[in-house]
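Below, chain A is the first sequence line, B the second, and so on; all start at residue 1.
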Protein chains: 2
Amino acid sequence: MPAPVNAPPDNSVAVQVHGRLRLALMRSRFRPGEKLTLRALGGELGVSATPIRAALARLVSEGALEQHDRRSVRVPVLSDARFREVVELRMDLEGKAAARAAERAAPRDISALEAIHAAMTAARLDGRTEAMMLENERFHITLCTLAGMPVLLRLVEGLWLQCGPLNAGLKSIRFLHGPEEHPHHDVIRALHRGDGALARLAIQRDISVYADALLRRLPAMDAARGTVDAV
Amino acid sequence: MPAPVNAPPDNSVAVQVHGRLRLALMRSRFRPGEKLTLRALGGELGVSATPIRAALARLVSEGALEQHDRRSVRVPVLSDARFREVVELRMDLEGKAAARAAERAAPRDISALEAIHAAMTAARLDGRTEAMMLENERFHITLCTLAGMPVLLRLVEGLWLQCGPLNAGLKSIRFLHGPEEHPHHDVIRALHRGDGALARLAIQRDISVYADALLRRLPAMDAARGTVDAV
DNA sequence: GCGCCTTATTTGTGATCACGTTTTCATCCA
DNA sequence: TGGATGAAAACGTGATCACAAATAAGGCGC
């Protein structure tokens, strides 16, 4: 076919590709260090190189991909130190967002947050790990939304995208704490009380214990899936 | 001409355009709310639409531009609240970077910082405001580099890009404090002593007094150059 | 003189092509 | 058999084209 004939149904093809690649990145569909080529992705997704180029450019700017030299974009390797840095920044930024959210959240906002955590707990009990992690992300992002700070929200989303590839791949981090003593409950309690300092501490504890558990399992994971040894 | 004939001299045309647009944004060459069109920019820069598209996509992802609906990227208006938020985040993030830099900086790093501040002071005394603000940015960015936190550095660069358009347009903010009591001196002193807490406070004070002065002059500036009233 | 409908221009988008560079692979000589 | 060499395939890049949607312009009826 010589040109696009039918109307774009919902959104631009480029943003669709961007979303699909973003999701694939979050789920570790690509190995760290893997080189992404335009024609291969285009053939796989059934589109030409143009929207792929746009999507890759955006992902590079968002920090989700790296371009070592020009003419090769790669999935970042996310070293140990880099992961620690992302976690530290997340604790600062999400901590601030939680504190601000506690001072602003309306009851219905808190209810929405409780619903998300309930869905996450349900997925956890059913063993649907991937759905659980998706709901976990929704919890954190929604909390940041409640802070009413759009610039901060963008920053946090970017950090999630960067450390997203690590989250997938692990299967059972489900027994860090019992369902009743999950740090999210402390966050919700703090929101109900309007206690900003408590909300900050709670979300920071949540991030911290999760990251620590991830860091302990990280060497084993690296050994399991073969990371592409870079040039 | 039907196709690119000569070899790319130094860098890709797309990144050149990206840099030029980024610089133009920093210097307020575009009015807030102005719509940027592919063909117009392409004609102005003498390139086709393709590299312009890539550059605009990157700038949108970096937060330097907004796309209200699809098929129209605009220069953000940067409301009062948004500017305050960017400043608050800069204080947090650059404060952390300064503290970390104080614990890590080698003497030659501090010397480089002093040289930048000297160049900035010279530009200030000569009345070269634009050069002064450029050196000021170099000071802040270099300080963040010294923290050895690449992710944090990216975030701060993005924040500078977002509030950059405001910095230009004002001419004489030069008399906030005498040349000897500039907050940068406190930062450098703190680096020499390896005092992280002091460095954080100093850079935060620098950001704060500058932002306050800017906020006071902001309504007058908005009245002066006509902001494009959005649709 | 004013509002609505039709037409013309503009704009973003995706596909395709041409070109230069890089990488890969097969061949050949020592 | 091993390492250098040549050709060929692959890749990114920028220009160009065709098309759809949106905006602007123009003309008609009232």
Donor-acceptor pair, side chain of B/R74 and main chain of B/G33, under 3.5 angstrom: yes

Pair A/D80 + A/R84, salt bridge at N-O below 4.0 Å: yes

Distance, rounded to the nearest Å, where A/R71 contributes CZ and D/dC11 contributes P: 12 Å

Sidechain N-carboxylate O distance under 4.0 Å for A/R138, A/E135: yes

Rounded interatomic separation in angstrom, taking CD from B/Q16 and P from D/dT13: 13 Å

Separation of D/dC11 P from A/D69 CG (nearest whole Å): 15 Å

Atom-to-atom span, CG of A/L38 to C1' of C/dG14 - whole angstrom: 13 Å

Residue closer to the 5' end of DNA chain C, A/R39 versus A/K35 (nearest nucleotide): A/R39

Strand contacts (DNA chain C) in residues 40-63 of chain B, 4.0 angstrom heavy-atom criterion: B/R53

Contact under 4.0 Å: A/S12 side-chain N or O vs C/dG14 OP1/OP2: yes

Lys/Arg-Asp/Glu bridge criterion (N-O < 4.0 Å) met for A/E88, B/R100: yes

B/E85 (side chain) donor-acceptor with A/L152 (main chain) under 3.5 angstrom: yes

Check: A/M26 and A/L161 side chains under 4.5 Å, non-hydrogen atoms: yes

